[in-house]
Amino acid sequence: MDPFTIITLSTALIKAGFTTYAQIKATLAANKGTLTDAQVDQILDALIADDEIRAKVADDEAKGG
Amino acid sequence: LKALIVVLALTLCTSACMTGGAQTKQTVTVNILQPTHDALAAFQDLEIALFRGNEIPQLTPQLHMQIEAKLAIAFRSHATAARAVRTWQPGQPVPIDVNQLQADVLSVQGLLHTAGISDLTLLGQKAGAMVGEAQSVVRQLGGQ
């Protein structure tokens, strides 16, 4: 799949609330300052996963898409 | 780049003792790592969109590839930092590669400047936000 399509799709999914990262953001908004340890770990897992996806997209783009 | 990596053993014990280890981990995650990630992601989304749309003449295929190569490193530096916080236990030092992350995003901004893309453009502003967040990480977690 084209990297830009992936990002566009990812953005659409986030807007639709289907991704873990979006769910995490909702959790954050609903629990300001009162997250459990498990929720914090979930956020970190989501950030790491998204970092890896975006690094892969960047790798592909850096090679000419 | 490996040679440039400065892995800092940062002791958050002082902060942890004041606010509680769990609270410190939450603060680092929500107030530092997440905004930094979002700034990087916003810049990447915009850069790719502008490149695909041929919106900026200076954003040549070569520059685009250079920027994305730097971003790949930056996202991996960010993931390294997030993993360090993920496995951190209260009272233990936290190894966070904050200087590398800052160097990565500054090099992206440098590419824009070299290409004559102003900080006043939307892309320049996103880059500035990305650098600002990375510098915030350094300020709050230590480093240079």
Side-chain angles (χ1 to χ4, degrees), chain A, chain B residues 19-53 59 61-90 101 104 108 111:
Chain A
M1 186 181 293
D2 180 84
F4 186 61
T5 303
I6 292 174
I7 289 178
T8 304
L9 181 61
S10 173
T11 303
L13 287 171
I14 286 172
K15 285 179 180 174
F18 284 107
T19 68
T20 301
Y21 192 50
Q23 291 166 355
I24 290 302
K25 283 195 166 188
T27 302
L28 271 175
N31 299 279
K32 287 178 183 172
T34 58
L35 297 172
T36 65
D37 287 351
Q39 287 173 321
V40 172
D41 285 344
Q42 275 187 303
I43 294 170
L44 288 166
D45 288 342
L47 288 174
I48 292 165
D50 207 59
D51 282 336
E52 290 172 346
I53 290 169
R54 285 182 173 277
K56 177 68 171 63
V57 169
D59 279 340
D60 292 343
E61 289 291 318
K63 292 173 185 168
Chain B
T19 61
Q23 186 63 42
T24 299
K25 185 175 178 179
Q26 178 175 323
T27 300
V28 169
T29 300
V30 175
N31 294 348
I32 300 175
L33 290 177
Q34 187 178 12
T36 309
H37 168 86
D38 289 352
L40 283 166
F43 177 83
Q44 186 184 41
D45 287 348
L46 181 64
E47 194 279 328
I48 291 177
L50 292 175
F51 172 70
R52 299 281 169 158
L59 193 52
Q62 183 183 13
L63 177 60
H64 167 67
M65 289 190 283
Q66 287 177 324
I67 288 173
E68 289 296 324
K70 301 274 186 192
L71 281 176
I73 297 169
F75 275 114
R76 292 198 168 98
S77 294
H78 190 274
T80 298
R83 283 194 189 90
V85 173
R86 177 74 167 82
T87 57
W88 175 70
Q89 295 295 318
L101 180 61
D104 295 338
V108 171
L111 287 172

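Below, chain A is the first sequence line, B the second, and so on; all start at residue 1.
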**OP:** Could you look at B:Ala74 and say if it's the side chain, the backbone, both or neither that has a heavy atom under 4.5 Å from chain A?
**Re:** neither
**OP:** Identify which part of B:His78 has an atom lying under 4.5 Å from any heavy atom of chain A, answering side chain, backbone, both or neither.
**Re:** both
Original post:
Given the options A:Thr36, A:Asp37, A:Asp45, which has more heavy-atom pairs under 4.5 Å with chain B than any of the others?
Top reply: A:Asp45
Original post:
Would you say B:Ile67 and B:Gln44 make side-chain contact, with heavy atoms under 4.5 Å?
Top reply: no
Subject >> Distance, nearest 0.5 Å, that separates CG of B:Leu40 from CG of A:Asp51 >> reply: 7.5 Å
Original post:
For residues 73-82 of chain B, which residue pairs qualify under salt bridge (Lys or Arg N to Asp or Glu O under 4.0 Å), counting only residues two or more places apart or in two chains?
Top reply: A:Asp59-B:Arg76
Subject >> Aromatic plane relationship, B:Phe75 with B:His37 - under 30° parallel, 30 to 60° tilted, over 60° perpendicular >> reply: perpendicular
